[in-house]
Amino acid sequence: MGKQKKTKKYAVMKKRISLKDQRIKEKDRAKIQPKKEDSTAIKEREVPQLPSCLFFQYNTNLGPPYYILVDTNFINFSIKAKLDLVQSMMDCLYAKCVPCITDCVMAELEKLGQKYRVALRIAKDPSFERLPCSHPGTYADDCLVQRVTQHKCYIVATVDRDLKRRIRKIPGVPIMYISNHRYNIERMPDDYGAPRF
């Protein structure tokens, strides 16, 4: 007769020793006992400090000339839609726009290789403002989110859904995206820019 195979048991947790087990010494048992909270003590909560530039969801730091943080895929999609970056931004916002590119976005474009050489050439244009990065790594999404959280004077231009979702959680930061072969903006105060469609 053959040997019977044992089936592996999944999701089996290791057994823990109870506090009353005789293998635990008395001095160690005293350390493990949970502390009882005093119900009469006042509980303190820490509320995050909101930036002074925000008036509810309205960002008072935003105003012409607009500084627009450009993401890698935004440049690529603009080329596919045959849109001139600076001119289309001005058509969208009816004001002077300064596109800004971080070192991480530039590094990401260089990594993409020959296929995206046109996007890289556009990004190296002197009309684009170059922003240096001091953090480790070259992940552009984290870099943009971190920069926007610190300084709320930027508009973020991206087509990436995940990045949009992350930026929507930060109050007072508008998002520029491409729809119907033109630039559009969301979460911008109504007094600024072109009408939304």
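Annotation: side chain of L112 is in contact with side chain of N76 (closest heavy-atom distance under 4.5 Å). Using a 4.5 Å heavy-atom cutoff, the side chains of D103 and L131 are not in contact. When side chains are defined from C-beta on, K124 counts as touching M106, because their heavy atoms get closer than 4.5 Å. Side-chain contact check for P126 versus F128: every heavy-atom pair is 4.5 Å or farther apart. P174 has its side chain out of reach of E186: every pair of non-hydrogen atoms, C-beta onward, lies at least 4.5 Å apart. Between V173 and T149 the shortest side-chain heavy-atom distance does not fall below 4.5 Å.
Linking ILVMFWY side-chain heavy atoms closer than 4.5 Å, directly or via other members, places I167 and Y139 in two distinct hydrophobic clusters.
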Show your reasoning for whether side chain to side chain contact (heavy atoms under 4.5 Å, CB included) applies to Y177 and V159.
CA-CA 6 Å; Y177 59 96; V159 189; 5.6 Å; no
Please step through side chain to side chain contact (heavy atoms under 4.5 Å, CB included) for the pair I101 and E129, ending with a clear verdict.
CA-CA 6 Å; I101 284 206; E129 191 176 306; over 6 Å; no
The test is side chain to side chain contact (heavy atoms under 4.5 Å, CB included); show your working for V70 and I75 and say whether it passes.
CA-CA 7 Å; V70 182; I75 300 172; 3.5 Å; yes
Just do the side chain to side chain contact (heavy atoms under 4.5 Å, CB included) check on D142 and R166 with the steps written out, would you?
CA-CA 10 Å; D142 287 344; R166 284 175 72 181; 2.8 Å; yes
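With values rounded to the nearest 0.5 angstrom, K82 atom NZ is found 14.0 Å from S88 atom OG. To the nearest 0.5 angstrom, N184 atom CG is 6.0 Å from C92 atom SG. Note that CG of L144 is 8.0 Å distant from SG of C104, once rounded to the nearest 0.5 Å. Put simply, CD1 on I170 and NZ on K152 are 6.0 Å apart, with the number rounded to the nearest 0.5 Å. Separating the CG atom in L69 from the SG atom in C100 is a distance of 5.5 Å, to the nearest 0.5 Å. Atom OH of Y116 and atom CD of E108 lie 11.0 Å apart (nearest 0.5 Å).
In this structure, F74 has its ring center closer than 6.0 angstrom to the ring center of Y183.
Ring pair Y67/Y154 is perpendicular by interplanar angle, where above 60° counts as perpendicular and below 30° as parallel.
Heavy-atom minimum distance, L109 versus A123: CD1-CB, 3.7 Å. Between C153 and L62, the shortest heavy-atom contact is O-CD2, 4.0 Å. Of all heavy-atom pairs between C133 and T102, the closest is SG-CB, 3.8 Å. The two atoms that bring G172 and N59 nearest to each other are O-ND2, 2.8 Å, heavy atoms only. Heavy atoms only, all atoms of each residue included: M90 and K96 are closest at CE-CA, 3.9 Å. Heavy atoms only, all atoms of each residue included: R147 and P132 are closest at NH2-O, 2.8 Å.
With I178 as the partner, the side-chain contact (heavy atoms from CB on, under 4.5 Å) test is satisfied by one option alone out of N73, L83, T158: L83. Tested against M176 for a side-chain contact (heavy atoms from CB on, under 4.5 Å), the candidates V156, D71, I155 yield a single pass: I155.
The backbone N or O of I175 sits nowhere less than 3.5 Å from a side-chain atom of R187 that would complete a donor-acceptor pair.
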